[in-house]
Amino acid sequence: MEECLAKKMEITVSEAEKRTGRNAMNIQETYTAYLIETRAVESQSEGQCAPVDSLWRRYSEFELLRNYLSVTYPHIVVPPLPEKRADFVWHKLSADNMDPDFVERRRIGLENFLLRVASHPVLCQDRIFYAFLTQEGGWKEMVNETGFQLKADSRLKALNATFRVKNPDKRFTELKHYSDELQSVISHLLRVRARVADRLYGVYKVHGNYGRVFSEWSAIEKEMGDGLQSAGHHMDVYAASIDDILEEEEHYADQLKEYLFYAEALRAVCRKHELMQYDLEMAAQDLTSKKQQCEELATGTVRTFSLKGMTSKLFGQETPEQREAKIKVLEEQIQEGEEQLKSKNLEGRDFVKSAWADIERFKEQKNHDLKEALISYAVMQISMCKKGIQVWTNAKECFSKM
Amino acid sequence: AASAPKPLPSSGPKSLREMPHPLATSSSEEMGPALTPSPDLLLPHSIADKDLGLPNGTPVDTSSPASSSSLLNRLQLDDDLDVETRDLFVTVDDPKKHVCTMETYITYRVTTKTTRAEFDLPEYSVRRRYQDFDWLRNKLEESQPTHLIPPLPEKFVVKGVVDRFSEEFVETRRKALDKFLKRITDHPVLSFNEHFSVFLTAKDLNAYKKQGMALLSKMGESVKYVTGGYKLRSRPLEFAAIGDYLDTFSLKLGTIDRIAQRIIKEQLEYLVELREYGPVYSTWGGLEVELSEPLEGVSACIGNCCTALEELSEDMTEDFLPVLREYILYAESMKNVLKKRDQVQAEYEAKLEAVALKKEDRPKVPTDVEKCQDRVECFNADLKADMERWQNNKRQDFRQLLMGMADKNIQYYEKVYVTCWST
C-alpha cells in the first residue's frame with residue numbers, strides 16, 4: 001500500500017490572522033484565515049531542508065473539503081473538524097469566535113484534522129485534498145467541478161430510510177446505538193467538566209485574598225510579620241497557578257470533543273448503510289411486484305388488486321397485442337431490475353466490507369487516543385497535586401517561622 | 001527571654017497598706033515580692049513559696065493523663081518554661097447529654113490534677129455545663145478586672161442552622177472550653193483565683209453560686225466602683241498602641257474568617273459538581289470494552305477526591321474557624337479592659353487636678369488620690385504583663401493554627417495524589 005501522505009509531507013497550520021473582506025452577499029465581514037505550511041520530507045542523508053510552501057485558508061474552506069470527503073467516501077469515518085462555535089464554555093472562557101484563545105485552539109484543531117486526513121490510507125490519496133494543501137487559487141472551483149453536491153444524499157431521504165429499512169446489518173445497528181450513547185456520554189462529561197473547572201477556579205482565586213490580608217496583618221506584627229508576609233506570597237502563587245492548570249485541561253477537553261464529533265461521523269456511515277440497504281430493499285420489492293404483474297398478465301389471473309385490472313374489468317379488456325406489448329416492457333424492466341439489483345447487492349456488500357474495515361481501524365485509533373488522553377488527564381491531576389503540596393509546604397514553612 | 005522589667009506590685013489578695021507607696025521611693029522595683037511574674041516566665045511556685053508555703057520545685061508527675069499532649073506541646077514551645085514547675089493540670093472531656101423535663105443540655109467532665117497546697121486533694125473530677133463556664137468567666141472579670149480573661153466560645157447559636165447536639169458542634173465546643181480553662185491555668189494570677197478553685201472542685205457549684213458574697217480582691221473591689229464619666233487627658237502611648245493594634249487585629253481576623261468561609265463554600269460547590277462528574281466516567285466505562293479500565297480508574301480517582309475534599313472542609317470548619325472567632329472575642333474583651341483602664345486613669349487625673357486646684361499647702365497627698373494612683377499603676381502593670389503574655393501565646397496559637405491549615409491542605413493533595421497515581 002502506498003505510504004500515507006503524512007509520511008511524505010510535513011503539514012502544519014502555523015498561523016492565524018484576522019481578515020476583513022466581502023462575502024457572497026457583498027457584505028463586509030471579519031473572519032480568521034489560517035496559514036497552512038507544507039514541506040516535503042527529505043531523506044536525512046541529503047541534509048538540505050526542502051522549501052516550505054504555504055497558503056491561507058479559512059474555516060469555511062475546511063468545511064467544504066470535509067463535505068466533499070464525506071460525500072465522496074461514504075464508507076470512511078471521516079475525521080471531524082474542530083467546533084464551529086465555542087461550546088461547553090465555563091465562565092472564564094470566551095464564547096467569542098474572535099477570542100485569541102479560541103482561535104489558537106481552533107488552529108490546533110485544524111492542524112489535527114489535516115494530519116488525520118493525511119494519515120488515512122484512503123483519504124490521503126485524494127487529489128482534492130492534495131490541492132487543498134498546495135493549490136491556492138482555483139481550489140473551490142475544482143471541488144465544485146467534481147459535482148459532489150449532486151451525489152450527496154438528501155437528509156429527508158436518509159431519515160426515511162432509517163425508519164423504514166427492514167434488514168440492516170446488525171453490526172451497523174449496534175454501531176449506531178453505540179455512537180448515540182457515546183455522543184450522549186461525552187456531551188454530559190464535557191458539560192460537567194466545564195462546571196467543575198469553573199468551581200475549581202473559584203476555590204483557587206479566593207485564596208489570593210489571603211495574600212492581601214496576610215500582608216496587611218503582617219504590618220502590625222513584630223515577630224509574626226515576616227512569616228505572614230511570605231506565606232501570603234505563596235497564597236498568591238497558589239491562586240495564580242490555576243490558570244495554567246485549566247489551560248492544560250482545555251486541551252484534554254478538546255481531545256474528548258474530537259471524539260464527540262467523530263461519533264457523528266460514525267453515525268453518517270451507518271446512515272449510508274441504511275440508505276443503501278433501504279434502496280436495495282425497495283429495488284427488490286419493486287422487482288418482485290413487476291414479476292408478479294408480468295405473471296398475471298401472462299396467465300390472465302389477477303392475484304393482486306390493481307387499478308388497471310379494475311379499469312380493464314369496467315371498461316373492457318385489452319387486446320392481446322396491447323397485452324403482449326405490456327409484457328414485453330415489463331420483461332425488459334425486469335431484466336434491467338435484476339441487473340440493477342445484482343449491482344446494488346454488490347455495491348452494498350462492498351460498502352459493508354470496506355466500511356467495516358475502516359470502522360475497525362477507527363476503533364483501534366479511538367481506543368489508543370482516548371487511553372492516552374485519559375492517562376494524560378491523570379498526569380495533569382498528579383501535577384496539580386504536586387504543585388498544591390509544594391505551595392502549601394512552602395506556606396507551612398513560612399508559618400513555622402512566625 | 002526578654003530582660004524582665006520588674007513590674008509594680010499588682011493585685012492579689014493583699015491590702016494596699018502592705019504594698020509600698022509608689023511615690024515614696026524612686027524605684028519601686030526593690031519593694032515587695034514580685035507578685036506578677038516577668039512576662040516570659042511562669043513561676044507560680046515562687047509566689048506560693050512566700051504566700052502559700054508550697055515546697056520548692058516539686059516535680060510534677062508528667063506522665064499523668066492530665067498533662068495532656070496539647071499542654072505538653074505548649075510547654076515545649078515556650079523555651080523558658082520548665083515542665084517541672086507546672087503544678088496544676090486541667091482537662092475538659094467526655095461530653096454527655098442530659099435530658100430533663102424542662103430542658104436538654106450537655107455537661108463536660110472537668111478533671112484537675114494538682115500538687116498545690118490550697119487544694120485539699122491531688123485530683124478532682126466534676127461535671128460542668130456551659131452555664132457554669134459562663135459564670136466562672138463573669139466572676140473572673142468581676143474579681144480580676146485588671147487582667148485579660150480568655151474568651152469562651154459563643155453562647156448562642158442560631159437554632160435550625162446549627163445542631164447544638166451534633167457531635168461536631170459538641171466537640172468544637174469542648175475544645176474551646178478546654179482551651180479556656182488551660183489559659184486560666186497558665187495565668188500566674190488567674191489560676192489562683194478562688195472562684196476558679198471552686199469551679200474545679202465543688203460538688204455542688206450551684207450552692208456556691210447562690211452565696212453571692214464572692215471574695216473580691218481589694219483591687220477588684222476598688223476598680224469595680226470606679227465611676228465612669230471622667231474624661232481621659234492623654235492615653236499613655238503604649239496603651240494607645242495596644243488599642244490601635246487590637247482594632248486592626250480584629251479587622252484582619254474578621255477578613256480572614258470571611259475568606260475562610262468563602263473558600264469552604266466554594267469547595268462545597270466544587271464538591272457538588274465533582275459528585276456528578278465522577279459517575280459519568282463510569283457510565284462511559286460501561287459503554288466501552290478496551291477503555292473501561294482507565295475510565296473506571298478516573299472515576300475512582302474523582303470519587304476519592306470528593307472524600308478528601310469533604311474531610312478538608314470539615315476540618316477547616318471545625319478546627320480553623322472556631323479558633324479565629326475565639327481570638328476575635330478575645331480582642332473584644334481586651335478592648336473593654338483597656339476602656340476600664342482609661343476610666344481608672346481618668347478618675348485619678350480628675351481627682352489630682354481637683355487637689356491641685358484647691359491650692360492647699362499640704363505636703364502629703366490625700367489618701368484617696370493615693371489610692372487612685374495605686375489603682376492606675378497596678379492596672380497598668382497588670383495589663384502590660386498580660387499583654388506581653390497574650391502576644392506570645394497569640395503568636396504560638398496562630399503559628400499552630402496556620403501550620404495546621406497548611407497541613408490539612410497538604411494532606412488533601414497527598415490523598416488525591418496517591419489515588420491518581422494508581423490510575
Side-chain angles (χ1 to χ4, degrees), chain A residues 178 181-182 185-186 188-189 192-193 195-200 202-207 209-210 212-214 216-217 219-224 227-228 231 238 363-364 366-368 370-371 374-375 377-379 381-382 384-389 391-402, chain B residues 244-245 248-249 251-253 255-256 258-260 262-263 265-267 269-274 276-277 280-281 283-284 287-291 293-295 297-298 301-302 305 391-392 394-396 398-410 412-418 420-421 423:
Chain A
Y178 167 78
E181 302 266 292
L182 187 70
V185 84
I186 296 184
H188 189 193
L189 194 69
V192 184
R193 192 211 70 91
R195 294 203 303 260
V196 167
D198 210 9
R199 291 297 177 198
L200 190 61
V203 172
Y204 270 75
K205 285 300 175 190
V206 179
H207 280 83
N209 295 338
Y210 273 146
R212 194 180 49 232
V213 76
F214 282 169
E216 290 166 4
W217 184 9
I220 60 167
E221 296 290 343
K222 295 185 202 92
E223 287 161 15
M224 281 168 54
L228 275 176
Y238 181 72
K363 274 188 189 163
E364 259 187 61
K366 173 205 77 170
N367 287 335
H368 173 265
L370 288 177
K371 201 174 203 172
L374 289 169
I375 290 175
Y377 186 61
V379 168
Q381 302 305 305
I382 288 174
M384 183 170 91
C385 288
K386 279 200 180 143
K387 280 190 201 166
I389 292 172
V391 165
W392 282 103
T393 307
N394 291 341
K396 186 179 171 185
E397 219 187 284
C398 295
F399 291 137
S400 72
K401 297 200 179 115
M402 266 167 51
Chain B
D244 288 339
Y245 170 81
T248 312
F249 179 72
L251 268 176
K252 295 308 151 196
L253 284 196
T255 307
I256 293 175
R258 276 192 301 280
I259 295 172
R262 174 92 187 275
I263 289 176
K265 176 169 170 277
E266 297 279 343
Q267 278 172 344
E269 286 176 347
Y270 173 54
L271 190 61
V272 166
E273 303 297 349
L274 277 183
E276 194 183 327
Y277 189 45
V280 181
Y281 280 99
T283 308
W284 189 1
L287 193 63
E288 302 283 343
V289 172
E290 294 245 345
L291 293 174
E293 224 183 275
L295 286 169
V298 174
C301 185
I302 295 170
C305 194
Q391 283 283 15
N392 201 37
K394 170 211 79 183
R395 185 174 64 85
Q396 285 170 14
F398 275 99
R399 183 169 172 275
Q400 198 177 45
L401 183 72
L402 292 169
M403 280 178 74
M405 170 173 96
D407 249 338
K408 292 187 183 101
N409 277 283
I410 292 171
Y412 163 74
Y413 280 113
E414 281 180 344
K415 281 179 207 164
V416 179
Y417 175 88
V418 164
C420 275
W421 227 95
T423 311

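Below, chain A is the first sequence line, B the second, and so on; all start at residue 1.
When each of A:Lys401, A:Lys366, A:Arg212 is checked for heavy-atom pairs under 4.5 Å with chain B, A:Lys366 comes out on top. In terms of heavy-atom pairs under 4.5 angstrom with chain B, the leader among A:Val379, A:Val185, A:Leu370, A:Leu189 is A:Leu189. Among the candidates A:Ala395, A:Ser400, A:Gly388, the residue making the largest number of heavy-atom pairs closer than 4.5 Å to chain B is A:Ser400. The residue among B:Val272, B:Thr283, B:Ile256 with the most heavy atom pairs within less than 4.5 Å of chain A is B:Ile256. Highest contact tally toward chain B, considering only A:Asn367, A:Ile186, A:Asn209, is held by A:Asn367 [criterion: heavy-atom pairs under 4.5 Å]. Heavy-atom pairs under 4.5 Å with chain B peak, among A:Met384, A:Glu221, A:Glu181, A:Lys386, at A:Glu221. The residue among A:Lys396, A:Glu223, A:Lys387 with the most heavy atom pairs within less than 4.5 Å of chain B is A:Lys396. For the set B:Ile259, B:Val416, B:Leu295, the entry with the most heavy-atom pairs within less than 4.5 Å of chain A is B:Ile259.
Between the CH2 atom in A:Trp392 and the CE atom in B:Met405 there is a gap of 4.0 Å [rounded to 0.5 Å]. In this structure, CD on B:Glu269 lies 10.0 Å from CG on A:Asp198, to the nearest 0.5 angstrom. Atom NZ of B:Lys394 is separated from atom CG of B:Leu401 by 13.0 Å, given to the nearest 0.5 angstrom.
Remark: B:Glu290 CD is loosely packed, at most 12 non-hydrogen atoms of other residues, nucleotides or ligands lying under 6.0 Å away.
Taking each heavy atom of A:Ile382 and B:Tyr417 in turn, the nearest pair found is CG2-CE1, 3.4 Å.
Both the backbone and the side chain of A:Leu182 come within less than 4.5 Å of a heavy atom in chain B. Contacts between B:Leu271 and chain A at a heavy-atom distance below 4.5 Å are absent for every atom of the residue. For a residue to count as touching a neighbouring chain, one of its non-hydrogen atoms must lie under 4.5 Å from one of that chain's; by this rule B:Tyr412 does not touch chain A.
A salt bridge is absent between A:Lys371 and B:Glu288: the closest approach of a Lys/Arg side-chain nitrogen to an acidic carboxylate oxygen does not fall below 4.0 angstrom.
Note on ring orientation: taking the six-membered ring where Trp is involved, the planes of B:Tyr277 and A:Tyr377 are perpendicular (angle over 60°, cut-offs 30° and 60°).
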Q: Take A:Tyr210 and B:Leu402 through the test side chain to side chain contact (heavy atoms under 4.5 Å, CB included) and record every step on the way to the result.
A: CA-CA 12 Å; A:Tyr210 273 146; B:Leu402 292 169; over 6 Å; no
